[in-house]
**Q** 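Here you go, one structure.
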Amino acid sequence: MIHLTVHLTREVKLCGPICFRWMYPFERCMKVIKGHVRNKTYPEGCIAEENIAEETIEFFSEYQKNMKTIGILPYKYKTSENDNGEGNPLSASKPVLVSPELSLKAHFYVLQNTPEIVPYIEQHMTFLKNRHGGKSQAWLEKEHNTTFGHWLRNKVEKELAVSTESILETVKWISHGAHSNVLKYDVYEINGYTFRTKSRDGGVYQNSGVGVEATDMHISKEVVTYRKNFYYGVLREIWVLDYHVKRIPLFLCDWVENRNGVKQDSLGYTLVELNRLGHKDDPFILASQARQVFYVKDQLDKKMSIVFMTPPKNYRDSYDDVDEEFSTVIFPQNDNILPRVDPLDMGNESRDDYYRTDCNGIVLRNAD
C-alpha cells in the first residue's frame, strides 16, 4: 500500500479524475446483464434475446413520434424544437412597480435584442449622425441609448397615422413600452435550465450562476471595433415584461468585472472573483440568452471561484468519432478537466516523479 501512494500523483496527471475511470458503471451493467439470465443452462442465449427485445422496444419508443409509450415518462424539459423562448415560471409571480431608471434600461435592452427593431436602430443612428455631424462616435452611441426609446415611439405613431398595415404587430406594441408593473419570479425554467435567484439558493444546491456570450463594442479614436466575450455573474432578480402581445423574461444579474475579475490558470480553468462587480449600467440579459454555470470555491485562493458549465437538462450524449470513451461523460465546455498529456510521456517514467525537492531529505545509513 505504501508503494501504491507513490504512483497516485502520476496516475492522476495521466488519467485525470478517478470518477471517469472507476469500475462502478461496469459493475452496475453486469448486475443488469445477470438479471437477463432466465435459464442457467444457456446464459448467452438469454442475454442475447433480452438485448434484442430491449433494443426493439427502445427503437419504437424513441423513433416513432406518434406512439404513446406505457411506463416511460414523457420528456418534460423543453428543447430548441418546442421552446418558444419565453420559458416557464416555477414560482408564484409578484407584481412590482420598479424604478423608472431600471425600467428604461430593461426596455432598451429588449429593443436592442428584437430582430424587428433592427431597421429602426439603423435609422435612428443615421438620424443622429445627420443632426450632430461633428459629434464623436462615443457621444452618438450614448445619445442613442438615451433617446432611442422615445424616438421609436414617435416614429411608429407617425407611421400608424398613415397606415396601420405597414407596422408589424410586435413593433407596434414593443415600441409603446411594457406595462408599468413588472412580474417578478424566484424560479424560472428556460433552455433546459432551472434558474433560481441568489436569495433562493440553498446550502446544498446552486442555480443562480449565469453566463452569457455577448458582443462588445469598443470605441478608440473614432474607430469602432466589435468582439465576442463571455460574461459571468449571479442572478439577482427574474423579471417578465408584459408587452400585451407577448411577455419577455429578463434576468437582472450582478456581473463580474471582466478585465480584472476573470482569469485563467495554468491548467485551463476559468477563475472569477464574484465580489469584484462591474458592468453596472448593463445589468439585464434576455432569459433566452442565459447559460447556467456553477461556481466552485478555489482552495488555493478563497477570493476566486472556478467556473464549470452546467449541461442543460435536455442535453443528450453523442459519441465523438475521435474519442468515444470520454464524449459521453464530459460536457464539451468542461473538457479542460481531463489532462493534456503528451503520448510519449506514457512510457517515460523517471525517479524524479517520486521524491520531493522542496525540503531536505533524511539519509539512512547501513549499520554494518
Side-chain angles (χ1 to χ4, degrees), residues 65 78-89 93 95-133 135 137 139-185 188-191 212-215 217 224 226 228 237-252 281-290:
K65 294 183 178 180
K78 292 185 177 181
T79 63
S80 58
E81 299 177 355
N82 59 12
D83 193 355
N84 56 6
E86 296 183 6
N88 181 37
S93 62
V96 179
L97 185 63
V98 298
S99 66
E101 181 183 359
L102 275 179
S103 179
L104 287 175
K105 288 182 179 180
H107 177 57
F108 178 73
Y109 191 86
V110 171
L111 294 177
Q112 291 288 100
N113 290 272
T114 303
E116 293 85 353
I117 304 295
V118 172
Y120 293 94
I121 295 176
E122 298 172 354
Q123 292 179 29
H124 187 240
M125 290 300 299
T126 304
F127 167 77
L128 291 178
K129 290 179 181 178
N130 295 335
R131 188 172 183 179
H132 308 282
K135 298 295 184 180
Q137 185 67 28
W139 187 93
L140 292 175
E141 290 292 340
K142 185 176 181 180
E143 185 69 11
H144 167 73
N145 296 348
T146 306
T147 62
F148 177 64
H150 182 69
W151 176 89
L152 177 64
R153 183 169 181 173
N154 293 335
K155 176 76 173 177
V156 172
E157 288 179 353
K158 290 179 181 178
E159 293 183 1
L160 287 174
V162 177
S163 174
T164 58
E165 298 180 357
S166 61
I167 302 297
L168 296 175
E169 194 74 10
T170 302
V171 174
K172 180 176 69 174
W173 287 103
I174 289 184
S175 64
H176 184 73
H179 195 276
S180 57
N181 284 338
V182 173
L183 296 178
K184 289 188 179 182
Y185 296 91
Y188 209 86
E189 182 185 64
I190 193 169
N191 297 338
V212 64
E213 186 178 21
T215 302
M217 181 180 64
V224 181
Y226 298 90
K228 288 187 176 182
E237 294 180 357
I238 301 172
W239 290 18
V240 174
L241 301 184
D242 188 0
Y243 285 98
H244 186 72
V245 293
K246 64 186 303 185
R247 292 185 173 184
I248 300 179
L250 295 175
F251 286 172
L252 174 61
D281 291 334
D282 299 308
F284 292 99
I285 61 170
L286 296 179
S288 58
Q289 299 171 338

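Note that this is a predicted model, so its numbers are computed, not measured. The residues of the chain are indexed from 1 along the displayed sequence. Keep in mind that the numbers below use all heavy atoms, side chains included, and drop hydrogens, waters and symmetry copies.
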**Q** Can you label the angle between the F108 ring and the H144 ring as parallel, tilted or perpendicular, going by 30° and 60°?
**A** perpendicular
**Q** What pairs meet the salt bridge (Lys or Arg N to Asp or Glu O under 4.0 Å) rule with one or both residues in residues 162-184, with sequence neighbours excluded?
**A** E169-K172, K184-E237
**Q** Could you tell me the separation between the CD atom of Q123 and the CZ atom of F148, rounded to the nearest 0.5 Å?
**A** 9.0 Å
**Q** Grab the two heavy atoms, one from I121 and one from L111, that are nearest each other, plus how far apart they are.
**A** CD1-O, 4.0 Å
**Q** Indicate the ring-plane relationship of Y120 and W151, choosing parallel, tilted or perpendicular according to the 30° and 60° boundaries.
**A** perpendicular
**Q** Side chains of V98 and W239: closer than 4.5 Å at any heavy-atom pair?
**A** yes
**Q** Rounded to the nearest 0.5 Å, how far does CG of L152 lie from OG1 of T147?
**A** 11.0 Å
**Q** Report the distance from atom CD of E143 to atom CE of M125, rounding to the nearest 0.5 Å.
**A** 10.0 Å
**Q** Should L140 and K129 count as side-chain neighbours, where that means a heavy-atom distance under 4.5 Å?
**A** yes
**Q** Can you find a heavy atom in the side chain of V182 that is under 4.5 Å from one in the side chain of V240?
**A** no
**Q** Applying the side-chain contact (heavy atoms from CB on, under 4.5 Å) test to L241, which of N181, V110, I174, L183 qualifies?
**A** V110
**Q** Evaluate the side-chain contact (heavy atoms from CB on, under 4.5 Å) criterion for residues H107 and Y243: first the C-alpha distance (whole Å), next the side-chain angles of each, then the deciding distance (0.1 Å), finally the verdict.
**A** CA-CA 10 Å; H107 177 57; Y243 285 98; 2.9 Å; yes
**Q** Do V156 and H176 have side-chain heavy atoms sitting under 4.5 Å apart?
**A** no
**Q** Could you grab the distance from atom CD of E157 to atom CD1 of I167, nearest 0.5 Å is fine?
**A** 11.0 Å
**Q** Are side-chain heavy atoms of P249 and I238 found at a separation under 4.5 Å?
**A** no
**Q** Looking at residues at least two apart in the chain, or sitting in another chain, which of them share a ring-ring contact (aromatic ring centres under 6.0 Å, His included) with H150?
**A** none
**Q** Look at the side chain of N191 and the backbone N and O of S288, then say whether any donor-acceptor pair between them is shorter than 3.5 Å.
**A** yes
**Q** Is the shortest side-chain heavy-atom distance between D282 and Y109 below 4.5 Å?
**A** no
**Q** Which atom names give the shortest non-hydrogen contact between K105 and P283, and what distance separates them?
**A** CD-CD, 4.4 Å
